[in-house]
There are 2 protein chains.
Amino acid sequence: MTSTLGYAILAILARHPRSGYELSTAMSRPLGYFWTARHSQIHPELQRLVAARQVSFEQVPGPGPQDKKIYSLTDEGLAALRQWVVEPPQIRPERDEMVLKTYAAWLADPAELIRLFRDQLEAHERRLSSYEEQRASMPEAPAHGSPAFGNYATLWCGISYENHRIAWCRWMIGQLGTDRDLLEKNDQLSASLYPSWDAVKPSES
Amino acid sequence: MTSTLGYAILAILARHPRSGYELSTAMSRPLGYFWTARHSQIHPELQRLVAARQVSFEQVPGPGPQDKKIYSLTDEGLAALRQWVVEPPQIRPERDEMVLKTYAAWLADPAELIRLFRDQLEAHERRLSSYEEQRASMPEAPAHGSPAFGNYATLWCGISYENHRIAWCRWMIGQLGTDRDLLEKNDQLSASLYPSWDAVKPSES
DNA sequence: GTCCTCATGTAAACCGTTACATGATTTC
DNA sequence: GAAATCATGTAACGGTTTACATGAGGAC
């Protein structure tokens with residue numbers, strides 16, 4: 001019954017109670033990297049969760065004209081969240097605009113494509129270094145059972161993902177920039193950092 | 001004006017003309033891994049693309065009661081596609097249900113989590129070996145300018161992505177399965193195949 | 001005769017974004 | 001005094017999924 005957005009809200013409230021406003025800031029970039037939502041989606045969803053008895057709220061006088069509502073998980077909500085976590089995820093189609101562009105890249109001007117992938121590369125490098133910073137200010141391998149484990153594990157995934165993306169951008173730039181000065185640079189970078197086809201081959205079959 | 005779905009259709013038609021039905025099979029799993037759509041979305045979009053003069057069609061008598069329509073790109077459509085390819089992609093939020101579950105994983109039973117990540121791991125391994133097979137039946141590094149380049153580059157991305165995902169699943173299973181017999185197995189697997197934090201560190205800052 | 005593939009469409013429901021709407025408090 | 005932050009909501013729109021609707025031809 002509860003939507004994935006609903007579980008995202010429950011997952012955040014499981015850490016500590018928050019207002020709808022705080023939820024919406026937590027679920028917008030650059031904080032909410034793996035599930036985002038606007039306040040216009042969060043407020044109605046909170047109302048639904050209250051109706052389903054998965055969250056409750058207490059009203060405290062806020063700065064604005066309306067009362068501030070501090071939402072927290074109910075026992076029912078926590079139980080539902082716990083159950084949902086270990087259920088296999090819905091298979092939702094991957095829609096990746098960069099990969100789609102790549103599929104049609106054979107039609108486009110190589111110089112412009114290089115510019116596009118350089119921009120992407122920079123963006124992913126910026127994200128990676130931000131993740132690395134976050135990791136640095138975090139205890140190494142927190143115990144399962146503490147919320148820090150969730151933070152640590154999602155960060156690990158994020159760092160791994162950015163490395164994958166960076167390797168791919170570098171490879172693309174290398175492929176597109178044949179017989180040019182950037183060839184040597186990119187060859188070095190992409191060959192070492194990421195599993196190339198050839199390096200992976202001996203492991204299986 | 002044209003939506004991303006529109007460009008996805010243009011990108012497929014740029015290879016060779018197809019009917020709406022053929023488009024819908026091409027854009028459903030397991031073929032269309034990076035942009036999927038149902039026929040109920042494709043047929044109206046094709047009508048819009050025809051109205052925008054980006055595709056044209058010729059009717060041939062089909063098996064059913066209605067004529068089969070073979071769509072192909074117009075010069076205008078090809079030009080629009082070429083332009084779109086090198087434009088920076090819209091930043092669309094990442095919504096990853098597995099990462100969201102991971103964020104809340106500290107609440108769940110480790111044994112059940114291991115089961116979940118093992119299933120995920122298997123699915124990604126299956127995909128990877130299917131990709132590897134496809135790569136094997138493909139010329140090494142096709143020239144930019146031929147459609148084979150698009151196939152090769154998207155496959156490279158897919159293989160890199162699956163490797164990232166596999167490494168992450170293995171790491172998670174290793175983290176969850178402390179003081180158990182599976183610890184040794186997973187330590188070996190994840191440490192070698194994928195960049196751990198520590199291995200990446202000396203490169204930057 | 002039933003099921004599967006080929007073939008094209010429409011309608012309702014759902015999810016998410018953008019825009020509309022209001023207003024107090026704090027900071028510059 | 002203007003702008004940013006805190007705070008909560010609704011409405012319109014666009015994209016996606018699911019369901020409805022039809023029907024020929026071939027395989028079993």
Side-chain angles (χ1 to χ4, degrees), chain A residues 1-9 17-29 31-52 55 57-71 89-97 100, chain B residues 1-10 17-29 31-32 34-52 55 57-71 89-97 100:
Chain A
M1 213 79 226
T2 308
S3 66
T4 309
L5 170 63
Y7 289 113
I9 290 171
R18 281 176 216 244
S19 68
Y21 182 82
E22 287 171 316
L23 271 166
S24 73
T25 56
M27 292 180 82
S28 63
R29 245 164 295 128
L31 283 136
Y33 273 115
F34 42 89
W35 210 272
T36 55
R38 307 295 170 89
H39 78 276
S40 61
Q41 216 184 342
I42 289 167
H43 285 296
E45 185 65 36
L46 280 167
Q47 287 165 25
R48 256 168 273 150
L49 289 169
V50 167
V55 303
F57 64 91
E58 56 165 341
Q59 273 172 309
V60 295
Q66 279 154 117
D67 279 353
K68 185 170 150 175
K69 294 174 187 170
I70 305 291
Y71 294 90
Q90 302 166 230
I91 29 100
R92 49 169 60 220
E94 323 234 4
R95 289 204 181 83
D96 191 324
E97 203 172 321
L100 183 56
Chain B
M1 214 78 227
T2 308
S3 66
T4 309
L5 170 63
Y7 289 113
I9 290 172
L10 294 182
R18 281 175 216 247
S19 68
Y21 181 83
E22 286 170 317
L23 271 166
S24 74
T25 56
M27 292 180 83
S28 62
R29 245 161 295 128
L31 281 137
F34 43 89
W35 210 272
T36 53
R38 309 293 172 90
H39 78 275
S40 62
Q41 218 185 339
I42 288 167
H43 285 298
E45 185 65 35
L46 280 168
Q47 286 165 26
R48 255 169 273 149
L49 289 170
V50 167
V55 304
F57 63 91
E58 57 165 341
Q59 276 173 309
V60 295
Q66 278 154 118
D67 280 353
K68 182 171 154 176
K69 294 174 187 171
I70 305 291
Y71 294 91
Q90 302 165 230
I91 29 101
R92 47 169 62 223
E94 322 234 6
R95 290 204 181 83
D96 191 323
E97 203 171 321
L100 183 56

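Convention: sequence-line order gives letters A, B, ...; per-chain numbering from 1. Any value given below was found using the heavy atoms of this structure, including those in side chains, with hydrogens, waters and symmetry copies removed.
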Reckon Lys69(B) has a side-chain N or O less than 4.0 Å from the OP1 or OP2 of dG9(C)?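 True: Lys69(B) side-chain N/O within range (under 4.0 Å) of dG9(C) OP1/OP2.
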Does Tyr21(B) place a side-chain N or O at less than 4.0 Å from the phosphate oxygens OP1/OP2 of dT8(C)?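 For dT8(C), neither OP1 nor OP2 has a side-chain N or O of Tyr21(B) closer than 4.0 Å.
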Are the side chain of Arg95(B) and the backbone N or O of Thr36(A) linked by a donor-acceptor pair below 3.5 Å?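 It does hold such a pair.
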For the pair made of [atom1] in [X] and [atom2] in [N], what is the distance, rounded to whole Å?
| X | N | atom1 | atom2 | value |
| --- | --- | --- | --- | --- |
| Gln90(A) | dT17(D) | CD | C1' | 12 Å |
| Leu46(A) | dG9(D) | CG | P | 8 Å |
| Glu45(B) | dT10(C) | CD | P | 13 Å |
| Glu94(B) | dT17(C) | CD | P | 13 Å |
| Lys68(B) | dG25(D) | NZ | P | 14 Å |
| Ile9(A) | dC15(C) | CD1 | C1' | 13 Å |
| Gln59(A) | dC6(D) | CD | P | 20 Å |
| Asp67(B) | dG23(D) | CG | P | 16 Å |

If you round to the nearest 0.5 Å, how far is [atom2] of [Y] from [atom1] of [X]?
| X | Y | atom1 | atom2 | answer |
| --- | --- | --- | --- | --- |
| Arg38(A) | His43(A) | CZ | NE2 | 13.5 Å |
| His39(A) | Gln41(A) | NE2 | CD | 11.0 Å |
| Glu58(A) | Asp67(A) | CD | CG | 11.0 Å |
| Phe34(B) | Asp96(A) | CZ | CG | 9.5 Å |

Please output the side-chain donor-acceptor pairs of residues 1-9 of chain B that fall under 3.5 Å, not counting sequence neighbours, one pair per line with the distance.
| residue | atom | partner | partner atom | Å |
| --- | --- | --- | --- | --- |
| Thr2(B) | OG1 | Gln54(B) | OE1 | 3.3 |
| Ser3(B) | OG | Gly6(B) | N | 3.3 |
| Thr4(B) | OG1 | Gln90(B) | OE1 | 3.3 |

Encode nucleotides 10-16 of chain D as B, S and - characters from 5' to 3', where the letter depends on protein heavy atoms closer than 4.0 Å: B to the base, S only to sugar-phosphate, - to neither. BB---SS
Arg38(A) has a side chain; which of dT18(C), dT18(D), dC6(C) sits nearest to it?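 Side chain of Arg38(A) sits closest to dT18(C).
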Which atoms form the tightest heavy-atom contact between Ile42(B) and Gly20(B), and what is the distance?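 Minimum heavy-atom separation between Ile42(B) and Gly20(B): CG2-O, 4.2 Å.
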